[in-house]
Amino acid sequence: EIRLSLVGSEMCIRDSINAEYGDVREPVQFSICSLPDSKNIPLSKLESHIQSLKEELKAHHNQNTPVFVMCRRGVDSQTATKLLQSHGFKEAKNVQGGLTAWASQIDNSFPLLLIELNQSQFF
């Protein structure tokens, strides 16, 4: 299974589970709002960062460390998760529903409006 439920991801963050949190939105979106301790690697640049991600995991964790991937609605993170898994990140998981679902189901104080407003700037 390459998906992680919102409740599962919230529990991992709350309980400080040893994991990496990747946000594949563009830097402008990430700078407006993001989950604590998440790292920004845009989907458009992810493939070129695969080797550095492997090295970072080796240096700070182990190969079985979960990597929770998120985006605005869960679509780009699904693509990113499949890419990561194809490169050996067997514990990569897509956070279902993305940050939009996080804001509506887990943390009502998360700036959902900013996510939506920022996205509209790109169209």
Side-chain angles (χ1 to χ4, degrees):
E1 179 66 38
I2 66 170
R3 290 184 237 164
L4 179 68
S5 71
L6 284 172
V7 173
S9 58
E10 189 267 340
M11 287 173 54
C12 290
I13 291 172
R14 184 190 66 223
D15 297 340
S16 300
I17 299 297
N18 186 25
E20 287 292 321
Y21 301 90
D23 187 323
V24 296
R25 294 175 300 146
E26 292 300 315
V28 169
Q29 296 168 305
F30 183 80
S31 69
I32 291 173
C33 61
S34 60
L35 293 181
D37 299 321
S38 61
K39 295 179 182 162
N40 182 225
I41 300 176
L43 178 59
S44 61
K45 298 180 181 177
L46 182 60
E47 193 150 20
S48 66
H49 284 82
I50 294 289
Q51 189 58 40
S52 63
L53 288 171
K54 285 183 178 183
E55 291 169 8
E56 185 175 336
L57 271 184
K58 282 182 187 177
H60 298 101
H61 305 286
N62 65 54
Q63 192 169 359
N64 296 321
T65 299
V67 178
F68 302 137
V69 186
M70 63 199 81
C71 66
R72 186 171 67 102
R73 293 189 187 253
V75 177
D76 286 345
S77 56
Q78 178 78 13
T79 302
T81 300
K82 288 178 181 178
L83 177 65
L84 288 168
Q85 287 191 340
S86 74
H87 285 279
F89 292 85
K90 300 298 180 201
E91 295 301 318
K93 306 282 186 206
N94 177 36
V95 176
Q96 292 181 331
L99 294 171
T100 300
W102 181 276
S104 66
Q105 298 175 31
I106 301 292
D107 182 359
N108 292 331
S109 68
F110 196 79
L112 177 61
L113 180 60
L114 290 176
I115 294 172
E116 299 300 329
L117 287 175
N118 189 359
Q119 185 65 24
S120 69
Q121 294 173 2
F122 294 100
F123 294 108

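Numbers for residues simply follow the sequence, beginning at 1. It should be emphasised that the depicted structure is a prediction, and the values quoted were computed from it without experimental measurement.
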Hey, what do you get for [atom1] ([X]) to [atom2] ([Y]), rounding to the nearest 0.5 Å?
X     : Y     : atom1 : atom2 : value
Lys54 : Leu84 : NZ    : CG    : 10.0 Å
Ser52 : Leu57 : OG    : CG    : 10.0 Å
Phe89 : Thr81 : CZ    : OG1   : 11.5 Å
Lys39 : Glu56 : NZ    : CD    : 3.5 Å
Glu55 : His49 : CD    : NE2   : 11.5 Å

**OP:** Taking Gln96 for its side chain and Gly74 for its backbone only, find out whether a donor-acceptor pair lies under 3.5 Å.
**Re:** no
Heavy-atom closest contact ([X] atom, [Y] atom, distance):
X     : Y     : answer
Pro27 : Asn40 : CA-OD1, 3.4 Å
Phe30 : Arg25 : CA-NH2, 3.6 Å
Thr65 : Glu91 : O-CB, 3.7 Å

**OP:** Sort out for me which residue in Leu53, Leu46, Ile50 forms a side chain to side chain contact (heavy atoms under 4.5 Å, CB included) with His87.
**Re:** Ile50
**OP:** Give me the one residue out of Leu99, Leu35, Val69, Ile41 that meets side chain to side chain contact (heavy atoms under 4.5 Å, CB included) with Asp23.
**Re:** Leu99
Original post:
Going by heavy atoms in the side chains, are Gln29 and Cys71 under 4.5 Å from each other?
Top reply: no
